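A quick write-up on the structure given underneath.
Here the structure is a predicted model, which means the values were calculated and not measured. Atoms considered below: every heavy atom in the structure, side chains included; atoms not considered: hydrogens, waters and symmetry mates. Counting convention: from 1, in listed order, for ligands and their atoms alike.
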Amino acid sequence: MTDPIENLKKEFENYIVPPSWKDRVWEIEDFRKFREDILKDRESLEKWWEKWANEIFWFKKWDKVLDDSNPPFYRWFIGGETNLAYLCADWQIEQGRKNKVAIIWEGEPVDEKGEPLEVRKITYYDLYRESNRIAYMLKEKLGVKKDEILTFYMPMIPELPFYMLAVQRLGAKHSIVFSGFSAEALAIRIMDAGARIVVTSDGVYRRGKVVPLKPIVDEAVKICEREGHKVEKVIVVKRAGNEISWYEDRDVWHDELLEDISGNVEVECVPLGSEDFSFILYTSGTTGRPKGAQHSVGGYAVHLYATMKMIWDIQDDDIYWCTADIGWITGHSYIVYGPLMTGATSIMYEGAPNYPDIGRWAAMIERYGVTIFYTAPTAIRMLMREPEETFTKYDLSTLRIVNSVGEPINPEAWNWYYKVFGHNDAVVTSTWWMTETGGIITGHFPGLGKITPLKPGTNGFPIPGINVAVFDDDGNPVEPGKRGYYVITNPWPGMLMTLFKDPERYIDVYFGKYKSKGWYYYTGDFAMLDPDGYVWVLGRADDILKVAGHRIGTAEVESALVSHSAVAEAACVGKSDEIKGEVPLIYVVLKKGYEPSDEMVSELKKHLRSTMGPVVASDALITFVDTLPKTRSGKIMRRLLRAVAEGKDLGDITTLESDVAVEEAKKAYEIVK
Ligand code: WT7
């Protein structure tokens with residue numbers, strides 16, 4: 001196996017300049033100076049972000065750019081007032097984009113020729129009207145007020161962005177739960193947010209089948225009730241027409257709620273304090289409990305606006321497509337809020353990349369003339385298995401920027417992406433960021449008019465105005481080409497404000513590691529810098545997996561398994577996988593009276609599916625051992641289990657309680673690999 005670090009180091013001096021950019025190349029030294037100038041002191045940093053803030057709409061301008069009087073609770077554009085719904089609809093209409101298409105939505109069902117049967121082109125005016133109607137309905141019929149949190153468990157249908165903007169209009173907040181999550185995961189998130197209203201759909205089309213969603217909400221609401229939390233209303237958007245159970249006093253059809261509300265209603269868009277919060281989005285941490293990343297209004301908006309300009313170089317004639325699901329931060333920031341606040345045409349689609357066939361994305365790029373494309377490395381690695389012709393038979397020449405996100409991209413996948421989708425002439429970067437950062441942190445910046453040369457697999461540079469570093473365990477910078485912990489060294493506008501209802505955990509998780517050195521945001525990733533200053537993120541440094549780009553806490557997987565009556569203990573680690581990046585590898589110790597068997601594996605997978613959802617369950621490898629390798633103080637040594645799966649040297653095992661467990665793990669791994 002090639003060492004991933006050595007593999008990347010080979011690319012340090014592989015400078016690639018897309019031919020159409022050859023006259024617009026930034027000397028690395030000049031770019032370094034440009035960035036340093038912004039970062040040199042507080043005043044220039046504030047001036048830089050203020051310049052971006054001045055480009056968006058505010059009901060009221062700020063008094064202070066950055067308030068750092070209570071670190072690490074940084075607040076941006078203090079005293080300013082704006083609103084994401086106003087930025088994404090009203091303000092676009094004011095700028096003359098009333099009849100411009102805001103969202104192109106493509107449903108999954110196709111005719112016998114494979115052509116989509118349902119395409120909706122939603123203009124900015126449509127967006128304005130639909131979100132106003134929904135806001136009116138939520139306010140007048142269901143009594144939704146400023147600050148209330150609503151949970152959305154919705155597929156990729158236009159009603160999702162309509163509801164997002166409706167809620168923002170009222171100054172209420174959303175918590176969107178990815179529709180691949182299980183009832184239990186959904187219930188935990190509903191209860192944590194204290195949501196009294198849940199919005200869902202009957203089902204959704206995926207790979208030619210109808211996947212029901214409403215039954216999962218029914219189940220989640222039952223769990224909530226058992227725990228003493230009442231969900232008063234479940235709003236159901238009719239999408240797939242599948243049969244569903246109905247609870248008269250609780251369930252209500254979206255269409256019926258809107259029936260008697262005119263298309264012309266307007267609801268005042270509530271001016272929100274810049275430092276108010278706009279939404280929460282739960283993400284996985286290293287303990288079992290999900291973390292509610294709480295994002296701001298003003299800082300978040302400015303960060304998205306600036307990255308839409310710098311990273312995406314967004315222009316009025318662009319057709320912009322991010323293939324993510326809105327249930328993740330990528331979709332929040334770069335399908336909905338970022339593109340819409342910059343007046344772009346943003347594509348969203350229902351279904352999967354490989355239905356009706358694997359050429360679907362390429363067909364869509366041709367169909368809509370997509371110019372900017374954003375997807376995940378795992379998808380690229382899946383497409384790469386096909387002959388290039390599968391994609392190049394479509395016209396992909398409109399693409400000018402094609403980026404990836406979610407996990408490291410290996411140089412091989414990068415090269416393929418550049419050649420096939422980028423037709424050897426597009427800007428390609430692996431933009432690094434995370435749920436907590438709100439928006440993109442690293443990349444190349446075609447929007448600044450010049451780019452630094454590309455390198456296969458790199459994450460590019462931190463955005464001007466943001467600085468990063470790679471530290472050792474003690475907080476000393478490590479030299480270029482060496483692996484260390486990846487940190488962000490200054491506050492930035494899009495950063496999370498806190499963890500919902502858990503400020504202590506916010507300090508601890510993100511600022512605890514280097515507390516004695518200062519306020520450094522710890523990302524949880526390993527990274528290295530190269531001699532030019534490019535960032536190369538290497539993967540998670542903690543007990544979090546990235547399975548096909550999805551972020552999964554091993555502790556959550558373990559506690560899900562232990563909740564099964566046959567399981568005494570479980571340890572989950574990542575096993576590298578050519579397509580998915582990583583898959584969960586789980587060592588299970590059964591309780592007395594239970595025997596390992598194929599049936600037991602299927603039973604546990606079924607249990608995982610119902611507790612965690614299909615993302616975790618479908619790729620999980622389960623194997624059995626009698627004991628887990630532990631330290632003398634009883635902590636599971638996951639590091640050893642990972643080393644076994646990677647066929648690596650076990651390293652220091654002096655704290656291991658008994659080496660029998662390691663031998664067992666090796667045997668168990670042979671069975672499952
Ligand atoms: C983790 C955050 C916000 C984007 C979607 C994921 C990994 C993300 C990259 C990249 C290498 C990446 C990191 C990060 N990651 N982008 N371009 N190169 N790794 O958001 O689910 O919060 O996951 O994804 O490990 O910490 P998320």
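- For atom 2 (C) of ligand 1, the closest heavy atom belonging to the protein is Met434 CB, 3.3 Å.
- No N or O atom of Glu436 sits closer than 3.5 Å to an N or O atom of ligand 1.
- The closest protein non-hydrogen atom to atom 4 (C) of ligand 1 is Val405 CG2, 3.3 Å.
- Ionic pairing of Arg381 and Asp577 is not present here: no N-O contact between side-chain nitrogen and carboxylate oxygen is shorter than 4.0 angstrom.
- Residue contact check: Val537 has heavy atoms under 4.0 Å from atoms 11 (C), 19 (N) of ligand 1.
- Within ligand 1, the atoms closer than 4.0 Å to a non-hydrogen atom of Ile329 are 3 (C), numbered from 1 in the order shown.
- Of the N and O atoms on the side chains of Arg551 and Thr283, at least one donor lies less than 3.5 Å from an acceptor on the other residue.
- Ion pairing between Arg400 and Asp318 holds under the 4.0 Å rule for side-chain N and carboxylate O.
- At a 4.0 Å cut-off, at least one heavy atom of Gly406 sits close enough to ligand 1 to count as contact.
- Annotation for ligand 1: atoms under 4.0 Å from non-hydrogen atoms of Arg540 are 14 (C), 25 (O), 26 (O).
- Counting heavy atoms under 4.0 Å from ligand 1, residue Glu407 touches it through the backbone alone.
- Contact detail for Leu281 and Trp328: the closest heavy-atom pair is CD2-C, 3.9 Å.
- At a threshold of 4.0 Å, the pair Arg289-Asp502 counts as salt-bridged, since one of the basic side-chain nitrogens sits closer than that to a carboxylate oxygen.
- Between the side chains of Tyr374 and Thr431, at least one donor-acceptor pair of N or O atoms lies under 3.5 Å.
- Of all atoms in ligand 1, numbered sequentially from 1 with element shown, those under 4.0 Å from a heavy atom of Arg551 are 2 (C), 21 (O), 22 (O), 23 (O), 27 (P).
- Between the Thr554 side chain and the Val573 main chain, no donor and acceptor come within less than 3.5 Å of each other.
- Each of Trp432, Tyr485, Tyr486 was checked for a ring pair (Phe, Tyr, Trp, His ring centres under 6.0 Å) with Phe526, and the lone residue meeting it is Tyr485.
- Atom 17 (N) of ligand 1 has as its closest protein heavy atom Ser430 OG, 2.7 Å.
- Checking only distances, Lys546 does come within under 3.5 Å of ligand 1, N or O to N or O.
- Salt bridge status for Arg540 with Glu582: absent, with no side-chain N to carboxylate O gap under 4.0 Å.
- Here the heavy atom of the protein found nearest to atom 14 (C) of ligand 1 is Asp525 OD2, 3.2 Å.
- A cation-pi geometry, defined here as NZ or CZ lying under 6.0 Å from the six-membered ring centre and within 45° of its normal, does not hold between Lys450 and Phe31.
- Of the protein's non-hydrogen atoms, Thr330 OG1, 3.3 Å is the one closest to atom 5 (C) of ligand 1.
- At distances below 3.5 Å, at least one donor-acceptor pair connects side-chain atoms of Thr437 with backbone N or O atoms of Gly439.
- Heavy atoms from both the backbone and the side chain of Thr435 come within less than 4.0 Å of ligand 1.
- Counting heavy atoms under 4.0 Å from ligand 1, residue His550 does not touch it at all.
- Using a 4.0 Å cut-off to heavy atoms of Thr431, the atoms of ligand 1 that qualify are 10 (C), 16 (N), 17 (N).
- With 3.5 Å as the limit, one finds no donor-acceptor pair spanning the side chains of Tyr334 and Ser346.
- Looking at Ile409 against ligand 1, nothing comes within 4.0 Å, counting heavy atoms.
- Between Thr283 and ligand 1, no pair of N/O atoms sits closer than 3.5 Å.
- For atom 18 (N) of ligand 1, the closest non-hydrogen atom on the protein side is Asn459 ND2, 3.1 Å.
- In summary, the atoms of ligand 1 found under 4.0 Å from a heavy atom of Pro408, numbered by their order in the structure, are 11 (C), 18 (N), 19 (N).
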